[in-house]
Amino acid sequence: MASPIPEISLSLSGLAATRRLGAAIARTLRAGDAVLLSGDLGAGKTTLARAILDALGVREPVPSPTFTLVQTYETAGLIVRHYDLYRIEDEAELDELGLDDALAEGAVLIEWPEHAPSRMPSGALTVALDAAGETARIARISGPRRFMDALAALVEVVRG
Ligand SMILES: Nc1ncnc2c1ncn2[C@@H]1O[C@H](COP(=O)(O)OP(=O)(O)OP(=O)(O)O)[C@@H](O)[C@H]1O
Ligand SMILES: [Mg+2]
C-alpha cells in the first residue's frame, strides 16, 4: 500500500499569508479539481476562496455564495465555480447545483463540504481553517500527492 501523504499544517499570521496560500493553490488548479474549504463560521473560507480567485485574475466582486449557493467565474483557461453548502438541507439538492458538470467543465471551490459528504468528489484538496486569534489562522491541508507535492514546495512562500 502507498504510504499516507502527510498533512501540511500552516500557520497563517494574517490576511497576507492567507492570500499567499490562495495564490499557491491557484497555481495547482486544473479542470476537474475540487478544493474543499472546511472550518467554522468566520474561519476564513470565503476569504481564501477570494484569494484563489484573485490570483486567477478575477477582478469582479466575489460575493459569498451563502444565498445563491454557487457563483461562476470565467478565468483565463479555467472556469471556477464557488459553492457554499451551508444552507442545503438535503444532499440531493447538490444535483440541481450541477456539481458533476462543474467538475467536467472546470474547477470547484466548496465551502461547508460537511453538509454533503456523500457528494464530495474523491481526490479533492481539503483545506481546514481554524481561527487562532483575530487575524491568525491555522490551515491544515490534505489531499492527493499531486496537490501536496506542488504545495509543499510553496510552504516557505506561504510562510513569507
Ligand atoms: N488570516 C486570515 N485569513 C482569513 N480571514 C481572516 C484572517 N484574518 C482575519 N480574517 C477575517 O476573518 C473573517 C473571515 O470571514 P469569511 O467570510 O472568510 O469566513 P467563512 O469561513 O467563509 O465564514 P462562513 O462560514 O460564514 O462562510 C473575515 O472578516 C476576514 O477578514
Ligand atoms: Mg464563507
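Numbering of ligands and ligand atoms starts at 1, following listing order.
- In this structure, Arg81 and Ile79 have side chains that are in contact, with non-hydrogen atoms separated by less than 4.5 Å.
- For ligand 1, the atoms lying closer than 4.0 Å to a non-hydrogen atom of Thr135 are 1 (N), 2 (C), 7 (C), 8 (N), 9 (C).
- Heavy-atom distances between Tyr86 and ligand 1 stay at or above 4.0 Å for every pair.
- The atoms of ligand 1 that sit less than 4.0 Å from any heavy atom of Asp40 are 21 (O).
- Polar contact with ligand 1: present for Ala43 (N/O pair, distance under 3.5 Å).
- Atoms of ligand 1 found under 4.0 Å from any heavy atom of Glu134 (numbered from 1 in listed order, with element): 8 (N), 9 (C).
- What sits closest to atom 26 (O) of ligand 1 on the protein, heavy atoms only, is Leu41 CD2, 3.4 Å.
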#### Entry: Worked check of side chain to side chain contact (heavy atoms under 4.5 Å, CB included) between Glu7 and Ile141
CA-CA 6 Å; Glu7 162 182 290; Ile141 303 167; 5.9 Å; no
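- Listed here is the closest heavy atom pair of Lys45 and Asp40: NZ-O, 2.9 Å.
- Contact annotation for atom 29 (O) of ligand 1: protein absent (non-hydrogen atoms, distance under 4.0 Å).
- Using a cut-off of 4.0 Å between Lys/Arg side-chain N and Asp/Glu carboxylate O, Asp100 and Arg119 are scored as not salt-bridged.
- Counting heavy atoms from C-beta on, the side chains of Leu151 and Thr28 come closer than 4.5 Å.
- Of all the N, O or S atoms in Glu111, the one closest to the Mg ion (ligand 2) is OE1.
- Distance alone, capped at 3.5 Å, places no donor-acceptor pair between the Arg87 side chain and the Asp84 backbone.
- Closest to atom 10 (N) of ligand 1 among all protein heavy atoms lies Arg137 NH2, 3.3 Å.
- Considering backbone and side-chain atoms alike, Ser64 places every N or O at 3.5 Å or more from each N or O of ligand 1.
- Nearest to atom 25 (O) of ligand 1 among the protein's heavy atoms is Lys45 NZ, 2.7 Å.
- Protein heavy atom nearest atom 31 (O) of ligand 1, with residue, atom name and distance: Leu15 CD2, 4.0 Å.
- Asp33 places none of its side-chain heavy atoms less than 4.5 Å from the side chain of Leu125.
- Side-chain atoms of His115 and Glu91 include no donor-acceptor pair closer than 3.5 Å.
- Heavy-atom neighbours of Glu89 CD from other residues, nucleotides or ligands within 6.0 Å: at or below the threshold of 12.
- The protein heavy-atom contact nearest to atom 17 (O) of ligand 1 is Thr46 CB, 3.8 Å.
- Under 4.0 Å from ligand 1, the heavy atoms of Glu111 that appear belong solely to its side chain.
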### Message
As a quick check of understanding, evaluate side chain to side chain contact (heavy atoms under 4.5 Å, CB included) for Leu85 and Leu69, giving each step before the final call.
### Response
CA-CA 6 Å; Leu85 307 183; Leu69 304 184; 5.9 Å; no
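- With hydrogens left out, the protein atom closest to atom 3 (N) of ligand 1 is Thr18 OG1, 2.7 Å, a heavy atom.
- Of the N or O atoms in Gly39, none lie within a sub-3.5 Å distance of an N or O in ligand 1.
- In the vicinity of Gly14, heavy-atom distances shorter than 4.0 Å reach the ligand 1 atoms 1 (N).
- Using a 4.5 Å heavy-atom cutoff, the side chains of Trp112 and Thr66 are not in contact.
- Proximity to Trp112 (heavy-atom distance under 4.0 Å) selects the following atoms of ligand 1: 25 (O).
- Among protein heavy atoms, the minimum distance from atom 13 (C) of ligand 1 is reached at Gly42 O, 3.9 Å.
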### Query
Between Ser9 and Arg140, does a side chain to side chain donor-acceptor pair (under 3.5 Å) hold up when you go through it step by step?
CA-CA 4 Å; Ser9 184; Arg140 283 175 294 111; 5.8 Å; no
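- Of all the heavy atoms of Thr47, the ones lying under 4.0 Å from any atom of ligand 1 are found in both the backbone and the side chain.
- Between Arg19 and Asp54 there is a salt bridge, with a side-chain nitrogen of the basic residue lying less than 4.0 Å from a carboxylate oxygen of the acidic one.
- For a distance bound of 2.8 Å, the N, O or S atoms of Thr46 include one lying that close to the Mg ion (ligand 2).
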